[in-house]
Amino acid sequence: LEASTRVLYWFRTDLRLHDSPALHTALDLKPDVLYPIWTWDPEYVFAHKVGVNRFNFLLESMCNLSESLIACNAKTKLHVIRGPPQTVIPALCSAWNITHLVYEKDTAEYAAVRDADVKARVLDAGVRVIDVLGHTLYDPQAVTDAHGGKATLSISSWRAAVKNLPGPERPLPPPKHIPPPGKTDLPSFSRTEHPASAYHTVDVNAGEREAEVTCYDTFAGPRGDFGIPTLDELGFPPATTSIRGGETEALRRLSNYCQDAERVATFAKPKTSPAVFDPPATTLLSPYMKFGCLGPREFLWRVRDCITEWKADGGSKNVTPENLEGQLLFREMYYAAECAQGLSFGQIRGNSICRFIDWRLQNEYDESGRKIVPRPLGDPVDEARLAAWKAGKTGFPWIDAIMRQLRQEGWIHHLARHSVACFLTRGQCYISWERGAEVFDEWLIDWDPCSNAGNWMWLSCSAFFSQYHRVYGVVSFPEKFDKSGILVRKYCPELARFPDKLIYSPHITPLSVQEKAGCIIGKDYPLPMLDEKVEKERCIGRVKAAYALGLYGNHSAALDGSAVAM
Ligand code: FAD
């Protein structure tokens, strides 16, 4: 046994076989046995309220990965272990005589702390630990170091930081063969070593409800076969999204998108329409990037090759950051910024890059600075506005359609995210970006700790972007893209029969037209919950005053709440 190489390969942010530098490193060890595992991380299910669509996507991606592993070796599969990695992994290393633990590096603060803990525990037992970058094009830590330890707050600062770093290499092919796992017997573990997992679910029809608690008696699951759980087993209702998970689907989507070389080469994000949804104007690859079903280098090089081919035909391409490659750079920028800031990146408190704006509804913190979940109710008017925004019942069809699309599909276009985030924060409602980010955390399939918090700070003018006088109109903005209101008609069907010119402001429609359309505003669809123009001016004034104060989230006045209320 001593002479053999026994690898535990821990899948996390890399549910794929193509271009997986970590998996290649594991296979380069020429292991006698390789156990491909996934463990439930309680952080994922306890600290985040994860909606059914993200869970569904994850389970589908795991199934697809397992099938691909089996195609490489009929004796293997993805082994799902029920239990937190800090407990499970040391136990498995000892039960299966593991010599090497290999995984894809995750620099996001929570994961980095968790991994350091797991690493320390198994190193003690003599296991070698190898982590390899693969989730981003550049190592966020190397970018941070090159930027003097500071967060990259713009694409140009990010570019300057990566200037002397090696650029992304071409992707690696998927392996053809994977060694089998060894025996999978387990000693019995007691309940206390293996806490039950609780899952929050969202019942889209009946509203939210606290989910059931699912207990497993063994690490290996109820059937004892390390099988992938079903949604039903986890206590979820069926998913509502049409977005399918998995590496196979990711590669199919990428190929489909790249078939139109002109579209790839001339891609200009601000010109893509948020009102187009079937298929969307952008790639809809973010969920696959989030779970690592698609490697970033695969994405980058397919796009680059596509553009090279197009240029050979004489076409003229668009440039970063508007083009597709530029989109990947925004992702890199947020990853590097999060790496520099650590856990405070996801909140205002203690966050030195986040301007302190005295939002009406903020998260509450206890004396040690930990977020209070659930937080106490805030001002009832603001809470009601937040609830209406979340439910897609603000009385502004553009906002409502987007929020309903988000809830149903788990994905919305970037400019749709802009619209609803701006509306909730500095545009009209003046509610903290943290509260909106929590809703995105629950409902987005592609939710990501770096991209979500980073973009919410951007949209609320808390960091990255500061032009707070530029507010998205809830009528004028969608009219630029879609005069006939296709998105609204799809997701707010009660408005489907309104005339084009009133689709974004149905409350000013004459009663006779409302009757003809079969929808009375104020009864069948809400009246606008606020005066868009009045609130916009108030918001701009408040943010301007906050900018004048010049406080940041780590300022003591921001921490103890003594900043001047506006
Ligand atoms: P494409 O336009 O096709 O872009 C290709 C890829 O580039 C995307 O798949 C994504 O991986 C990356 N990308 C594009 N734009 C951005 C961006 N602004 N920031 C980071 N990466 C980007 N993206 C997430 O992946 N997870 C999130 O949690 C998330 N939260 C957001 C919250 C708000 C308030 C806003 C305004 C944006 C958020 N985004 C998030 C960024 C962006 O909206 C999505 O990545 C993009 O819309 C996904 O659609 P796509 O795959 O069709 O993008």
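Both ligands and their constituent atoms are indexed starting at 1 by order of listing. Just so you know, residue 1 is the first one in the sequence shown, and it goes up from there.
Within the structure, the closest approach of Phe267 to ligand 1 falls below 4.0 Å when heavy atoms are considered. Not a single heavy atom of Tyr288 sits closer than 4.0 Å to an atom of ligand 1. Under a 4.0 Å heavy-atom criterion, Trp411 is in contact with ligand 1.
Counting heavy-atom neighbours within 6.0 Å of Arg252 CZ, excluding the residue itself, gives a total above 12. Within 6.0 Å of CD in Glu364 there are more than 12 heavy atoms belonging to other residues, nucleotides or ligands. The environment of NZ in Lys393 is sparse: at most 12 heavy-atom neighbours from other residues, nucleotides or ligands sit within 6.0 Å.
When ring centroids are compared, Phe356 and Tyr552 stay outside the 6.0 Å threshold. The six-membered or imidazole ring of Tyr138 lies near that of Trp158, with a centre-to-centre distance under 6.0 Å. Less than 6.0 angstrom separates the ring centroid of Phe440 from the ring centroid of Trp456. Centroid-to-centroid, the aromatic rings of Phe11 and Trp38 stay 6.0 Å apart or farther.
When each atom of ligand 1 is checked for a heavy atom of Phe440 under 4.0 Å away, the hits are 32 (C), 33 (C), 34 (C). Atoms of ligand 1 lying under 4.0 Å from at least one heavy atom of Asp448, given by number and element, are 26 (N), 27 (C), 28 (O). Taking a cut-off of under 4.0 Å to the non-hydrogen atoms of Leu459, the atoms of ligand 1 that pass are 36 (C). Taking every heavy atom of Leu444 and a limit of under 4.0 angstrom, the matching atoms of ligand 1 come to 27 (C), 28 (O), 30 (N). Per-residue contacts place Tyr334 under 4.0 angstrom from the following atoms of ligand 1 (heavy atoms of the residue considered): 19 (N), 20 (C). The ligand atoms of ligand 1 that sit less than 4.0 angstrom from a heavy atom of Leu284 are 50 (P), 51 (O), 52 (O). Listed by number with element, the atoms of ligand 1 under 4.0 Å from a non-hydrogen atom of Trp447 are 28 (O). Less than 4.0 angstrom separates some heavy atom of Phe299 from each of these atoms of ligand 1: 5 (C), 6 (C).
If you check which protein heavy atom lies closest to atom 3 (O) of ligand 1, you get Thr283 OG1, 2.6 Å. What sits closest to atom 26 (N) of ligand 1 on the protein, heavy atoms only, is Asp446 O, 2.9 Å. Protein heavy atom nearest atom 2 (O) of ligand 1, with residue, atom name and distance: Lys269 NZ, 2.9 Å. Remark: minimum distance from atom 42 (C) of ligand 1 to any protein heavy atom is reached at His414 ND1, 3.2 Å. Regarding atom 11 (O) of ligand 1, its nearest protein heavy-atom neighbour is Arg331 CD, 3.6 Å. Atom 17 (C) of ligand 1 has its closest protein heavy atom at Asn455 ND2, 3.7 Å. From the protein, the heavy atom lying nearest to atom 29 (C) of ligand 1 is Arg417 NH1, 3.4 Å. The nearest protein atom to atom 12 (C) of ligand 1, hydrogens excluded, is given as Gln327 O, 3.6 Å; this is a heavy-atom distance.
For the side chain to side chain contact (heavy atoms under 4.5 Å, CB included) with Tyr288, the lone residue among Thr283, Leu294, Asp446 that qualifies is Leu294.
In summary, Glu322 and Lys271 do not engage in a salt bridge, as defined by a charged side-chain N under 4.0 Å from a carboxylate O. Between Arg404 and Glu409 there is no salt bridge, since no side-chain nitrogen of the basic residue lies less than 4.0 Å from a carboxylate oxygen of the acidic one. Salt-bridge check for Asp139 with Lys105: passed, with a basic side-chain N closer than 4.0 Å to an acidic carboxylate O.
Residue-level proximity to ligand 1 for Lys290 is absent, since no heavy atom of it falls below 4.0 angstrom.
At least one N or O atom of Thr282 sits closer than 3.5 Å to an N or O atom of ligand 1. For ligand 1, the polar-atom distance check finds no N/O of His413 at less than 3.5 Å from any of the ligand's N/O atoms. Taking any N or O of Leu285, backbone or side chain, at least one lies under 3.5 Å from an N or O belonging to ligand 1.
For the residue pair Arg16 and Glu104, the shortest heavy atom distance occurs at NH2-OE2, 3.1 Å.
Taking the six-membered ring where the residue is Trp, Phe236 and Phe55 present tilted rings, their angle falling between 30° and 60°. Ring-plane geometry between Trp458 and Phe465 is classed as parallel, the angle between the planes falling under 30 degrees on a 0 to 90 degree scale with a further cut at 60.
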